Amino acid sequence: MAVDRPLTGVRVVDAVHGPLSVTTRYLAELGAQVDRIVVAAAGDSLSDRIANLGKTVHPFDHHAPQAAALLAAADIIVEDCGLQLSWRLPAQVIVSVSPFGHGNSFSGWQASDAILNALSGELSRSGIRGREPLLPPGQLAWQCAAVQAAFLALQSYFLALRTGQGDRIDFAALDGAVQALDPGFGIGGSATLGRPAHLLSRDRPAKGFQYPIIPCADGHVRLCLLSARQWQGMFRWMGEPPAFSDPSFNKTAVRYKSADLLPAIAAFFADKTRAELEAGAISHGVPLSGLSTLAEAPMLPHFVERASFRSEAVDGATYPVPNGCIIVDGERMTPDADHAQARLTTSAHHLSRPFEGLKVLDLGVIVVGAETGRLLADQGADVVKVESAAFPDGNRQSYLPYGLSASFAAGHRNKRSVGLDLRDPDGKALFLRLVGQADVVLSNFKPGTMQSLGLGRDVLKAANPRVISVESSAFGDSGPWSKRMGYGPLVRAATGLTEAWRYADDPESFSDSITIYPDHVAGRVGAIAAVALLIRRERTGQGGHASIAQAEVMLAQFGAEIARASTGAPAQGERSAVYRCSGDDEWIAVTMRTDADSAAVASVCEGQPLEEWLACMDADDAMRRLQAAGVPAARMLRVGDLPAFDYVSERRLLRCEHHPFLADPVTAEARQAHSRLPAAPMRSAPLMGEHSDEILGQWLALDPDTIDRLAVKGVIQRTSPDERRAIEQTLAASASDRVGA
């Protein structure tokens, strides 16, 4: 029997002309009826076709009389043409998308993917030290912004269902890119030890930094050795060479500094194929992936078995295109559902945030896990981070002597923490009692981990038939790669993005090493799945399960590039370039869309070649002059520049928060978008087990004596006295340093 798609009965109108039209594709895949009322396709018919899979395209625009009925009946409208909807329904959600939002001094500026990358801080982290910054491939910034817009539309619609009150969202693509691509003031990967991105070098990373890419017999592989356990697996695989037997090699910093280790690994890999190395890595517990190309992706056995692609005919040619990136109750949400016409009914609860009153158990780790739960916590859910002292979240690794950092504080705000030993029968029993009270359970372990703990989806459903569980993993829970260890750098390598992210004149110039992608955007796809299932539960009373493969999120966002590469069709893209300006490593991105842009540039430069004119110009001044002439241009902002950039202050995009256990303030996003939803509250991110007693008392009514007894046994875990002492000592030392200064 076909799965009841979560957004069945939801009606959406898409009146978006530009690249953000992909926003509503995610809603169509989940079962919404999406009516597209834009007459002209985008200039690139293949990209337009992929962006609009699953939608019903009508041969008229929003001015046509036929559009009125569709607009009036819609639950959600996504538009970029300034619709004036005086007849708007009280429960309707309208998302007005634009590059820079409305009502600010940047509203009239022109954008391209290059401009969004430059102004979000992403461009400053892309490329190789000593060379010009490298524009990322594809339409990465637009694609990530679209996912953010889809999540915002859906959470406001969920609030409208619960309250009868809709919303009008002023969504800026730059806001979405700052938040969803690789936020400099969000949670970072575990390899950073929680250090904020604004403390990075002003230059790009050195070639081969952090996640080495190593030649092998038939290409390259990428290696991600982060933990001591992973290094020990590598050491055994190499035959335990005496030169690396010192226990100090268990430390990441020691391995990075060794002049001999990487050459020894390279020699060990040299005569082995990618497939041989991938098999060996799995058997030894080593995170490794071969580098594929975008052209290879649709033919890789893993994606073939998972039906990650489908065939579509466009302009007389057949292309492989993405086939949906969310699986619900075991069925892939492909973009070709039959659309039911039944209308969902609204309630009249008095709520100010979408997820008020909902309880979420968050077992998520690292970046994807942090983001999914935080998005729900920021809008009212009681999100409880379930942790274990024996298996701490990788983001508990810190430059501080306790499991907290500025990165962790930004990524886990508004959550509480309970410490439980899930390997102990009593701990598992307590967890299942918590599930009985929960609305949502989130996890992103390697597939099979929850089952090995006796907490698979069927067990959760038996404990609570209304519970919604959302799992995310690198490559999904089926297929040949499902058992692989997965990190973002390995996902990028396996799917072809790493190979594409290079300078044209240097085949060894892999430049995605410090980019954290697709982690943040995959976390948002998980949140979209959770909210969609909550919407279905409003209609059916039943829970459900969603599974997201982070690799398929990336494939969906590079659909047009993969389609062309795999069929040999010529690549298409923006006419964008990066130019040096005056000053210390200052750069500007400029996009030439049309001959009119070229003429405008010539006028601004007064006949001087653009490159020569820019070399003598201040980057900020050049940006403003070109934008005043209607040309997409943006200086390259570093992450540390963002708080002082006037756009960020006008949009109130960031704020500083004080965490009681951190000496320095934490900079984080202030709000998800401009709408009637209030800004996120400022509850500080928790220490491990900080709220164990409080949560178990509130959720399960456990008495203090029972909690104490289970804590002595180690079933319930609290913040340790050693951790408390480390906090006191660190804060005292920081205060002393400030006084001395």
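Remember, it's a predicted structure, so these values are computed and weren't measured experimentally. What's counted below: heavy atoms across the whole structure, side chains too, no hydrogens, waters or symmetry copies.
To the nearest 0.5 Å, atom OG of residue S405 and atom CD1 of residue I187 are 7.0 Å apart. Note that NZ of K446 is 11.0 Å distant from OG of S473, once rounded to the nearest 0.5 Å. To the nearest 0.5 Å, atom CE of residue M238 and atom CE of residue M234 are 5.0 Å apart. To the nearest 0.5 Å, atom OG1 of residue T273 and atom CD of residue E278 are 8.5 Å apart. From Y211, atom OH reaches atom CG of L223 across 11.5 Å, with rounding to the nearest 0.5 Å. Atom CD1 of residue I516 and atom CD of residue E122 lie 9.5 Å apart, to the nearest 0.5 angstrom.
Considering all non-hydrogen atoms of both residues, A493 and T498 come closest at N-OG1, 3.2 Å. Closest heavy-atom contact between D597 and G630: OD1-O, 3.6 Å. The two atoms that bring D80 and G18 nearest to each other are OD2-N, 3.4 Å, heavy atoms only. Residues G101 and S98 come closest through the heavy atom pair N-OG, 2.9 Å. Residues N395 and G188 share a closest heavy-atom pair of ND2-O, 2.8 Å. Closest heavy-atom contact between L294 and L497: CD2-N, 4.1 Å.
For S308 and N323, the side-chain atoms include no donor-acceptor pair closer than 3.5 Å. Between the side chains of D315 and S45, at least one donor N or O lies within less than 3.5 Å of an accepting N or O. Judged purely by distance below 3.5 Å, without hydrogens or angles, the side chains of S112 and R593 never pair a donor atom with an acceptor atom. In the model, R575 has no side-chain atom that pairs as donor or acceptor with a side-chain atom of T591 under 3.5 Å. For the residue pair Q550/S472, the side-chain donor-acceptor check at 3.5 Å is satisfied.
Here E296 pairs with R274 in a salt bridge; the nearest charged N to carboxylate O distance falls below 4.0 Å. Comment: E371 engages R524 in a salt bridge, judged by a side-chain N to carboxylate O separation of less than 4.0 angstrom. Under the 4.0 Å criterion applied to side-chain N and carboxylate O atoms, R635 and D618 are not assigned as salt-bridge partners. The existence of a salt bridge linking R125 and D203 is excluded, since no basic side-chain nitrogen approaches an acidic carboxylate oxygen closer than 4.0 Å. Ion pair E552/R306 flagged as a salt bridge, since at least one NZ, NE, NH1 or NH2 atom sits closer than 4.0 Å to an Asp/Glu carboxylate oxygen. Ionic pairing of E586 and R580 is not present here: no N-O contact between side-chain nitrogen and carboxylate oxygen is shorter than 4.0 angstrom. Electrostatic pairing of D585 and R638 counts as a salt bridge here, judged by a charged N lying under 4.0 Å from a carboxylate O. Using a cut-off of 4.0 Å between Lys/Arg side-chain N and Asp/Glu carboxylate O, E499 and R502 are scored as salt-bridged. Salt-bridge check for R624 with D646: passed, with a basic side-chain N closer than 4.0 Å to an acidic carboxylate O.
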Residue pair R204, E132: steps toward the salt bridge (Lys or Arg N to Asp or Glu O under 4.0 Å) verdict: CA-CA 9 Å; R204 272 66 64 202; E132 72 277 11; over 6 Å; no

Verdict with supporting geometry, Q557 and V521, side chain to side chain contact (heavy atoms under 4.5 Å, CB included): CA-CA 10 Å; Q557 298 201 318; V521 74; 3.6 Å; yes

Steps toward side chain to side chain contact (heavy atoms under 4.5 Å, CB included) verdict (M636, S126): CA-CA 11 Å; M636 182 188 77; S126 174; over 6 Å; no

Residue pair K207, D506: steps toward the side chain to side chain contact (heavy atoms under 4.5 Å, CB included) verdict: CA-CA 11 Å; K207 192 172 185 176; D506 184 356; 3.0 Å; yes

E561/Q572 under side chain to side chain contact (heavy atoms under 4.5 Å, CB included): CA gap, chis, key distance, verdict: CA-CA 8 Å; E561 291 75 20; Q572 294 188 20; over 6 Å; no

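Side-chain atoms of T567 come within 3.5 Å of backbone N or O of A563 as a donor-acceptor pair. Checked by atom type and distance alone, the side chain of S120 pairs as donor or acceptor with a backbone atom of N117 at under 3.5 Å. A donor-acceptor pair under 3.5 Å is absent between the side-chain atoms of S603 and the main chain of V601, judged by distance alone. With hydrogens and angles ignored, the 3.5 Å screen pairs a side-chain donor or acceptor of T372 with a backbone N or O of V368. Counting only distance, with no hydrogens or angles, the side chain of R222 and the backbone of P212 share no donor-acceptor pair below 3.5 Å. A donor-acceptor contact shorter than 3.5 Å is absent between the side chain of R484 and the backbone of A474. The backbone N or O of R25 sits nowhere less than 3.5 Å from a side-chain atom of N52 that would complete a donor-acceptor pair. D113 places a side-chain N or O within 3.5 Å of a backbone atom of A141 that can act as its donor or acceptor partner. Of the possible donor and acceptor atoms, none in the side chain of E305 sits under 3.5 Å from a partner among the backbone N and O of H302. Side-chain N or O atoms of Q627 include one that pairs as donor or acceptor with a backbone N or O of A633 at under 3.5 Å.
By the 4.5 Å heavy-atom criterion applied to side chains, V221 and E276 are not counted as neighbours. Counting heavy atoms from C-beta on, the side chains of R310 and V321 come closer than 4.5 Å. Between F269 and L288 the shortest side-chain heavy-atom distance falls below 4.5 Å. In this structure, the side chains of F171 and Q148 come closer than 4.5 Å at one or more pairs of heavy atoms. Contact annotation: the side chain of F309 never approaches that of V304 to less than 4.5 Å [non-hydrogen atoms, C-beta and beyond]. F235 is listed as a side-chain neighbour of P241, based on a closest heavy-atom distance under 4.5 Å. The closest side-chain heavy-atom distance from D512 to Y517 is not below 4.5 Å. Considering only heavy atoms from C-beta on, Q143 comes within 4.5 Å of V22 through its side chain.
When each of L181, T23, V525 is checked for a side chain to side chain contact (heavy atoms under 4.5 Å, CB included) with V147, only V525 meets the rule.
Aromatic pair F303/F475: centroids not less than 6.0 angstrom apart. Aromatic ring centres of Y647 and W109 lie farther apart than the 6.0 Å criterion allows.
Surrounding CD of E611 are at most 12 heavy atoms belonging to other residues, nucleotides or ligands under 6.0 Å away. At most 12 heavy atoms of other shown residues, nucleotides or ligands fall within 6.0 angstrom of atom CG in D595.
Cation-pi contact between K272 and F268: present, with separation from the ring centre below 6.0 Å and deviation from the ring axis of at most 45°.
Residue pairs satisfying the ring pair (Phe, Tyr, Trp, His ring centres under 6.0 Å) criterion with at least one member in residues 483-511, sequence neighbours excluded, are listed as follows: H220-F510.
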